[in-house]
Amino acid sequence: MQTFIFPQPVPQVPPISKQQQQIWQSQTTTDGKTFYFNTQTRQSQWNKPEELMTDLEKDLNSLDWKELKTKDGREKVYYHNKKTNETTWKVPDVWKNVLEKHRLIEEKRATMNTPLSAIPLFRPVVNPVFHVAKPVVEEFETKEEAEEAFKNLLSSVVFSSTATWEEVLPHIVTHPHYRSALKTLEERKRFFQNFQNARIAKEEEERKIKMQNNKAEFQKVMDRRKDITPDTRWKHIKVSFKHEPIMRILTESEAETLFEECLIDLRKKLRDEARAVRRQNVDKLNKLLHNFHQNNQINHMTSWREAKSLIKNSRQYLDDKKFQEFDMIDMLMQYEDFIKILQSRYNSKKFIERSEVKRLERINREEFISVLKRLQNDGLIYCRTKWKEIFSYIKEEESFRSMLGQPGSTPLDLFRDIVIEMEDLYLRDRSVMEEMIKERGFPIKVNTEFREFLDYFSDEQKSFLNKHSLELFYDEMMEEAVYFEKLEARKKEKKQKKKVEAFKHYLKKLEPPILIDSKWEDIRPRVANSEEYVALEEDTRALTFEKYLVRLAEKAERNRNMKSDEEAEEKRRRSTKKKRARRYSSEDEFGEVKEKRRRNQNDLEETGNGSKSRRDQRYKKTDSEEEGEVKNA
């Protein structure tokens with residue numbers, strides 16, 4: 001008789017090749033933003049290259065939807081469709097489908113061990129006994145110990161701080177601590193993300209401190225150089241920097257980055273000096289323009305060409321060299337601001353004319369409102385009327401044509417105001433009809449027709465109430481009746497569920513207890529006199545009893561599995577104890593080993609080498625441990 005072992009499959013995750021990692025490098029700017037640099041083409045980009053993307057990132061990148069963040073400081077996530085130009089706060093369905101798909105794939109990978117293609121389908125075993133491998137599960141007393149074990153597991157695997165969960169998972173999934181430390185996939189992924197974030201923060205802090213120190217030294221070198229201008233490029237000047245001591249601790253890319261940062265500081269300094277000179281020139285120009293205006297040389301209609309000629313021929317401009325360096329574009333902008341002040345004075349004269357125009361517009365609005373009131377009195381406008389329903393009645397009105405293109409309230413806005421008034425009228429009628437129904441107790445049921453509803457009101461009441469209000473109120477009452485009917489059905493279902501649970505509890509407490517092989521015909525006489533039995537129908541009683549038996553069977557199966565696990569653990573402990581006892585065969589052998597180790601220790605102390613070899617550290621034992629092993633042997 002031969003037995004066969006069928007190993008479980010494990011997912012094969014294609015890792016990112018070393019060549020791709022060498023081509024694309026992830027770097028960070030001074031303000032913390034991540035960009036990617038191509039070492040072959042010497043080009044940089046903000047978006048992550050496709051060669052470095054995971055399968056999930058590639059699938060999400062292929063969608064029309066893109067995940068973005070607001071720039072108001074809160075960094076709230078929203079989604080934008082590049083084809084339809086649609087923007088939404090809610091996660092799109094296609095985005096959810098891709099995330100769900102990869103979540104299922106990841107859970108499936110976590111439950112596998114080795115690929116089926118790498119192992120033959122049938123492997124004969126000489127021993128005729130069927131062997132089942134039992135995983136060694138280490139239990140932790142506290143959550144802190146479990147998290148520390150999982151952290152040590154992650155630390156034992158070599159991967160970068162930018163590695164994703166999908167890239168690291170194949171290297172840790174077979175370790176015992178992967179399942180014993182943290183129980184769920186969500187906990188493992190959350191802990192991994194926190195672990196990576198801590199690593200990134202630490203590396204970023206170290207990098208910033210290093211760059212700050214290097215920048216200070218590099219800035220001293222920049223200050224000594226007089227040939228560096230804001231337009232200087234690193235490729236033209238890097239040869240002259242090679243003899244500087246700071247270049248011994250910097251790579252070429254780091255030196256280039258520091259050079260660019262120092263250039264930014266230099267440009268900022270020069271810009272501040274230019275701003276100060278510009279403010280002085282602006283004050284001089286404003287004083288000169290006020291003098292021209294007082295002498296009637298400039299008014300709100302003066303062109304820039306005429307004003308520029310006056311400025312250049314003035315004594316203040318000819319005698320001041322810094323004033324002559326004032327940029328003509330800036331001078332033009334200041335002149336435009338001055339002209340705006342003069343034009344505002346001129347525009348005030350036009351205020352009376354605009355007031356007259358507004359009066360005519362107000363008259364047009366009032367005439368159009370009167371047209372809407374007429375349609376309201378004719379019954380063509382009520383609280384549910386749409387604009388397209390009355391457009392055919394007003395499109396030929398003179399007041400409507402006069403309002404087209406007119407600023408302020410549009411004909412549609414005025415129509416909406418009328419509709420809001422009609423809604424207020426309906427609310428008044430609705431309150432009156434509710435009071436009538438409460439007083440007389442008229443029941444509105446699902447099968448009540450509108451004709452029966454109208455017969456309930458007298459002719460006098462109908463004349464007081466609006467016809468459209470009656471129709472809308474009938475529709476609302478019908479919706480309410482449908483809602484209460486569904487609510488009553490849910491209440492009955494809830495009561496029935498409570499009765500079933502009560503009967504199930506009664507079966508559980510029954511003495512003697514019910515067994516797995518019990519029959520309903522045998523149990524029925526024992527429970528027939530209980531209140532829980534009487535409260536249910538016969539079909540429901542039998543179905544509840546069958547479900548209770550299924551639950552008993554499941555509980556018995558769990559108990560058997562727990563017992564088999566305990567027996568396997570006891571057998572493993574006994575085997576380990578025997579192996580330890582056989583390590584040393586006698587006390588003499590133990591004494592020889594101990595003496596040899598003592599001589600080696602004395603030799604190391606005489607030569608002054610206080611460090612121990614890896615072999616001594618690995619097999620170092622205390623005297624009490626070795627004596628105990630000898631006694632056990």
When rounded to the nearest 0.5 angstrom, what distance separates [atom1] in [X] from [atom2] in [Y]?
X	Y	atom1	atom2	result
Ile420	Leu425	CD1	CG	14.0 Å
Ser530	Tyr506	OG	OH	4.5 Å
Leu507	Phe545	CG	CZ	7.0 Å
Leu289	Ile341	CG	CD1	10.0 Å
Asn281	Asp330	CG	CG	9.0 Å
Thr34	Glu204	OG1	CD	8.0 Å

Polar side-chain atom of [X] near backbone of [Y] as donor-acceptor pair, under 3.5 Å:
X	Y	answer
Thr544	Thr540	yes
Arg365	Ser409	no
Arg430	Phe473	no
Gln376	Ile418	no
Ser309	Glu306	no
Gln334	Val282	no

* Begin from the C-alpha positions of Leu332 and Glu336 and carry the test side-chain contact (heavy atoms from CB on, under 4.5 Å) through to its verdict. => CA-CA 6 Å; Leu332 172 60; Glu336 288 178 348; 4.0 Å; yes
* Flag side-chain contact, heavy atom, 4.5 Å: Leu68 against Thr87 -> no
* Looking at side-chain heavy atoms only, is the closest gap between Tyr36 and Ser44 below 4.5 Å? -> no
Between [X] and [Y] (salt bridge meaning N to carboxylate O under 4.0 Å), is one present in this structure?
X	Y	value
Glu423	Arg416	no
Lys373	Glu421	yes
Lys268	Asp265	no
Lys504	Glu532	no
Lys48	Glu57	yes

* To do: Could you go through the side-chain contact (heavy atoms from CB on, under 4.5 Å) check for Ile523 and Leu510 one step at a time?
  => CA-CA 10 Å; Ile523 302 300; Leu510 193 63; 4.3 Å; yes
Name the atoms and distances for all side-chain donor-acceptor pairs under 3.5 Å in residues 392-399, with sequence neighbours left out.
unit_1 : atom_1 : unit_2 : atom_2 : d
Glu396 : OE1    : Arg401 : NH2    : 3.2
Glu397 : OE2    : Arg374 : NH2    : 3.2

* Closest contact, heavy atoms only, Leu285 versus Phe326 -> CD2-CE2, 4.0 Å
* To do: Quick one: closest heavy-atom pair of Asp272 and Arg275, and the distance?
  => OD1-NH1, 2.8 Å
For residues 483-491, run the donor-acceptor check on the side chains, cut-off 3.5 Å, and write out each pair with its distance to 0.1 Å, sequence neighbours left out.
none

My understanding is that only residues two or more places apart in sequence, or in another chain, count here; which of them pass side-chain contact (heavy atoms from CB on, under 4.5 Å) with [X]?
X	result
Lys66	Asn61, Lys82
Val91	Tyr79, Trp95, Lys96
Glu86	Trp65, Asn81, Thr84
Ser314	Leu288, Phe292, Gln316, Tyr317

* Asked: Mind checking what makes salt bridge (charged side-chain N to carboxylate O under 4.0 Å, His left out) contact with Asp327, not counting sequence neighbours?
  -> none
* Residues in salt bridge (charged side-chain N to carboxylate O under 4.0 Å, His left out) contact with Arg551, at least two apart in sequence or another chain -> none
* Asked: Can you name the ring-ring contact (aromatic ring centres under 6.0 Å, His included) partners of His300, sequence neighbours left out?
  -> Tyr346
* **Under the ring-ring contact (aromatic ring centres under 6.0 Å, His included) test, residues paired with Tyr426 that sit two or more places apart** => none
Table please: side-chain donor-acceptor pairs of residues 349-363 below 3.5 Å, with sequence neighbours left out.
unit_1 : atom_1 : unit_2 : atom_2 : d
Ser355 : OG     : Phe351 : O      : 2.9
Glu356 : OE2    : Arg359 : NE     : 3.3
Glu356 : OE2    : Arg359 : NH2    : 2.7

* Is a side-chain donor-acceptor pair under 3.5 Å present for Asp413 with Thr410? -> yes
* Compute whether any side-chain donor of one residue and acceptor of the other, for His102 and Asp55, lie under 3.5 angstrom apart. => no
* Asked: Asn299: what forms a side chain to side chain donor-acceptor pair (under 3.5 Å) with it, not counting sequence neighbours?
  -> Thr302
* side-chain hydrogen bond (donor to acceptor under 3.5 Å, both in side chains) assessment of Gln343 paired with Asn347 -> CA-CA 6 Å; Gln343 289 177 347; Asn347 293 335; 5.6 Å; no
* Test the Arg541-Tyr533 pair against the cation-pi criterion, namely NZ or CZ under 6.0 angstrom from the six-membered ring centroid and within 45° of the ring axis. => yes
Does the plane of the ring in [X] sit parallel, tilted or perpendicular to the ring in [Y]? Use 30° and 60° as the thresholds.
X	Y	answer
Trp520	Phe503	perpendicular
Phe191	Phe195	parallel
Trp89	Tyr78	perpendicular

* Asked: How about Lys340: does its NZ atom have over 12 heavy atoms from other parts shown lying under 6.0 Å from it?
  -> no
* Could you walk me through whether Lys308 and Met328 pass the side-chain contact (heavy atoms from CB on, under 4.5 Å) test, one step at a time? => CA-CA 9 Å; Lys308 183 171 66 173; Met328 281 296 166; 4.1 Å; yes
* To do: Take Phe415 and Thr385 through the side-chain contact (heavy atoms from CB on, under 4.5 Å) test and state the conclusion after the steps.
  => CA-CA 10 Å; Phe415 166 74; Thr385 304; 4.2 Å; yes
* To do: State yes or no: are the ring centers of Phe37 and Trp24 separated by less than 6.0 Å?
  => no
